[in-house]
2 protein chains.
Amino acid sequence: MITIKDIARVAGVSHTTVSRALNGNPLIKKETRDRIEKIAAEMNYIPNYSAKSLVMKKSYTIGLFFSSIDQGTSASFLVDAIKGIHSVLDENYSLTVHGIDGIQHFDAILPQRFDGILVMSQSDADNAFIYHVKKMGIPLVVLNRHLEDPGIMNVVANDREGVKEAIDYAVSQGHSQCAIIEGKAGFKSSTERKQGFMDSLIVHRLPLIPEYFAAGDYGVESGYEAMCSLLALPEPPSIVFCANDDMAIGAMNACYAKGIHIPGQLSLIGFDDILFARYTNPALTTIHKPVADISKLGTTKLIDLMKDPDTAPEQLFVKTALMVRQSVAAV
Amino acid sequence: MITIKDIARVAGVSHTTVSRALNGNPLIKKETRDRIEKIAAEMNYIPNYSAKSLVMKKSYTIGLFFSSIDQGTSASFLVDAIKGIHSVLDENYSLTVHGIDGIQHFDAILPQRFDGILVMSQSDADNAFIYHVKKMGIPLVVLNRHLEDPGIMNVVANDREGVKEAIDYAVSQGHSQCAIIEGKAGFKSSTERKQGFMDSLIVHRLPLIPEYFAAGDYGVESGYEAMCSLLALPEPPSIVFCANDDMAIGAMNACYAKGIHIPGQLSLIGFDDILFARYTNPALTTIHKPVADISKLGTTKLIDLMKDPDTAPEQLFVKTALMVRQSVAAV
DNA sequence: ACAAACATTTTTCACGTGTGCATTTTTATT
DNA sequence: AATAAAAATGCACACGTGAAAAATGTTTGT
């Protein structure tokens, strides 16, 4: 392996000069710099990142942490996040992927190992981790879950507003018997979406019927079961909002099984806009959650934070969008 | 930050002794070792991985490379791979995720940066990268795509055999007019699956009808279009095998659109067994591709290779499994 | 012409760790 | 008790890089 010392020998200068020349330090004369750069290129010099890391106390690594990799994280979520991040991240940073639930010792989460950390957070349980990162002074952006803490950079979708708009739309289509299949208990997103649902009903002076609030856990199966219980009610709803698309697909299956026609007999709205929402039968009307955009914006902010740790933390909201398809009928 | 020198000072020994004690070097007396370990624990010592990397020429990093992150890689694929790897990877290794198409300079792919590399390969185009890695002497396992090269550790599913079994099953249900929607041109998996399809037809003395070979590209839309063209034939097939589930879902949508009932009028078989295959209407009969198992086995082999670079390369096959659901009717 | 200011480069040191070899301490053997 | 052998520990250096301080060469000002 070629080192700056090798280049120095060839160029007839000290290794420090080489270092400066290659790092754009203005103390070096232009001709010297050009000559050294040329030699470095010819010799196929590639910097040793371990040595750089040691001396610079930088790792050239960004950590992406999900609440869990195994459980509760949908595939599209993970992929869209990675895509969004890669689209703005400099090539000589590498991105490592972790599940917070898989970490044995927070001790291993150190500034020397991560130049910055993105937490794609889904639950309050992540807070212990988040505050550890903050305490260690590692530049940090929390994505996807709204934090109350104004000291932490935070990028989220306005789930609540998005759901409200969707239910407003449903009401405008003539629906008044609106039910919800809620997300996983303890997840911030669950309460946010439920709030948006209620916001709309309240604005439209529609009653909040306790039987129309069915529990779910974001899993496909839970959507199936929740829908079964809603259909079993003496007076079933005319429309059901599912707190994510996976549950909407489960709910749709329950309708197939019971012979309920969508949207003829029952309308359905999802949340997330996963790839397959477009391809259910009928195509699912859902709220598009811009995971890639969130990740992109979050990464941009993280980079700012890494450049200048004193960048003021912000609470940023990315807009959701209602995707009107075929699962909601006018009554 | 605490260093071994700090510990050495407290323990009244040299930093060398500390280093040895903490690394299980047998040259150290048991009592000394115990004392040093205790002090290290009390002082909350955490080794500096940059320094370790520099001197050991190790990076404690495993790279996971997909052909592309943006295009052609389905979400479940990426997630299952990450899950499988995490399940066997030691905690003090970190996993970085990359798209081969996003790499500007192969020069950055060095032994000093990666202790080992897993390539989740989908196309021949990855070969340039694969051989670069091999040339650099980085322990390497290629997953998912069968390589001819016996010098490279390779873990793949037996797609061909899996498809053959599925078509055998279709034939046993009385089907004789079998069509295929092929995968993306240039992808090894496309030809493998097509081969399996033909293997079965040939064994059963069924004709290979050119019109029944429709082109696809693994995308949902291509499945839709291919199915439309098959349905437009004067004599449409009785069963269609789709080279992946995404296309099967697209094909299913084409049938909805044309009012063709599945499996009443047409049967359908997919490949991959993605999460949603279970929840289409009807539930999709498909071939389960054990991505997580492939990743797991591949990682195990990579670890072997990292421990002993002379480990003999193998070509390992992981079994697929036919998941019989409701999209194939008996005729 | 000589000092002062400036530009450029080199010298020396540090970062935290592991290792070959020398040195000291302990144990075993005679 | 003397000696050899073995066990335990320390010294000095290396890894590749960057930065402060020092040194050298060059220009400017009077």
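Numbers restart at 1 for each chain; the letters A, B, ... are given by sequence-line order, proteins then strands. Bear in mind that the values here come from a model prediction, so they are computed numbers and not experimental data.
- The B:Thr32 side chain lies nearest to D:dA8 when the options are D:dT17, D:dC11, D:dA8.
- For the helix from C:dA1-D:dT30 to C:dT30-D:dA1, the angle separating the two terminal helix axes comes to 50°, with each axis derived from five pairs and the value rounded to 10°.
- Taking atom NE2 of A:His15 as the reference point, atom C1' of D:dA19 lies 10 Å away to the nearest angstrom.
- We find that CZ of A:Arg9 is positioned 12 Å from P of D:dT17, with the value rounded to whole Å.
- A sub-4.0 Å separation between OP1 or OP2 of D:dT17 and a side-chain N or O of A:Tyr60 is absent.
- Dashed line: the shortest gap from a side-chain N or O of A:Thr16 to OP1 or OP2 of D:dG18 is not under 4.0 Å.
- Note on B:Lys307 versus B:Asp304: no salt bridge recorded, every NZ/NE/NH1/NH2 to OD/OE distance being 4.0 Å or above.
- Nearest heavy atom pair, residue B:Ile46 against residue A:Asp107, reads CD1-O, 3.8 Å.
- No close placement of the B:His98 and B:Phe129 rings is indicated, their centers lying 6.0 Å or farther apart.
- Nearest-nucleotide mapping onto DNA chain D: of B:Val55 and B:Val18, the residue sitting toward the 5' end is B:Val18.
- The residue A:Tyr49 sits apart from the nucleic acid: no heavy atom pair falls under 4.0 Å.
- Rounded to whole Å, atom P of D:dT9 lies 10 Å from atom CZ of B:Arg20.
- The footprint of chain B on DNA chain C, defined by a heavy-atom cutoff below 4.0 Å, extends from C:dG16 to C:dC21.
- Along DNA chain C, the nucleotide nearest to A:Leu27 and the one nearest to B:Lys29 differ in position, and the one closer to the 5' end is contacted by A:Leu27.
- Within 4.0 Å (heavy atoms only), A:Thr3 reaches sugar-phosphate atoms of the nucleic acid but no base atom.
- Dashed line: the shortest gap from a side-chain N or O of A:Lys52 to OP1 or OP2 of D:dG16 is not under 4.0 Å.
- Results of the salt bridge (Lys or Arg N to Asp or Glu O under 4.0 Å) test with B:Asp124 over B:Arg145, B:Lys188, B:Lys184 single out B:Arg145 as the only residue that passes.
- When the P atom of D:dG18 is taken as reference, atom CG of A:Asn25 falls 10 Å away, rounded to whole Å.
- Distance A:Leu54 CG to D:dT17 P: 12 Å, rounded to the nearest Å.
- A salt bridge is defined here as a Lys NZ or Arg NE, NH1 or NH2 lying under 4.0 Å from an Asp or Glu carboxylate O, and B:Asp34 with B:Lys38 fails to meet this definition.
- A side-chain donor from one of B:Thr17 and B:Ser14 sits under 3.5 Å from a side-chain acceptor of the other.
- Between the side chains of A:Ser121 and A:Asn144, no donor-acceptor pair is found at a separation under 3.5 Å.
- Residue B:Ser14 has a polar side-chain atom (N or O) positioned under 4.0 Å from OP1 or OP2 of D:dG10.
- Between D:dC15 and A:Asn48, no contact under 4.0 Å exists linking OP1 or OP2 to a side-chain N or O.
- Residues A:Tyr218 and A:Phe77 keep their aromatic ring centres 6.0 Å or farther apart.
- Atom NZ of A:Lys296 is surrounded by 12 or fewer heavy atoms from other residues, nucleotides or ligands within 6.0 Å.
- The residue among A:Met1 and B:Pro26 whose nearest nucleotide of DNA chain D lies closer to the 5′ end is B:Pro26.
- Taking atom NZ of A:Lys5 as the reference point, atom C1' of D:dC13 lies 11 Å away to the nearest angstrom.
- The side-chain tip of B:Lys135 does not point at the ring of B:Tyr131 from less than 6.0 angstrom away and within 45° of straight on.
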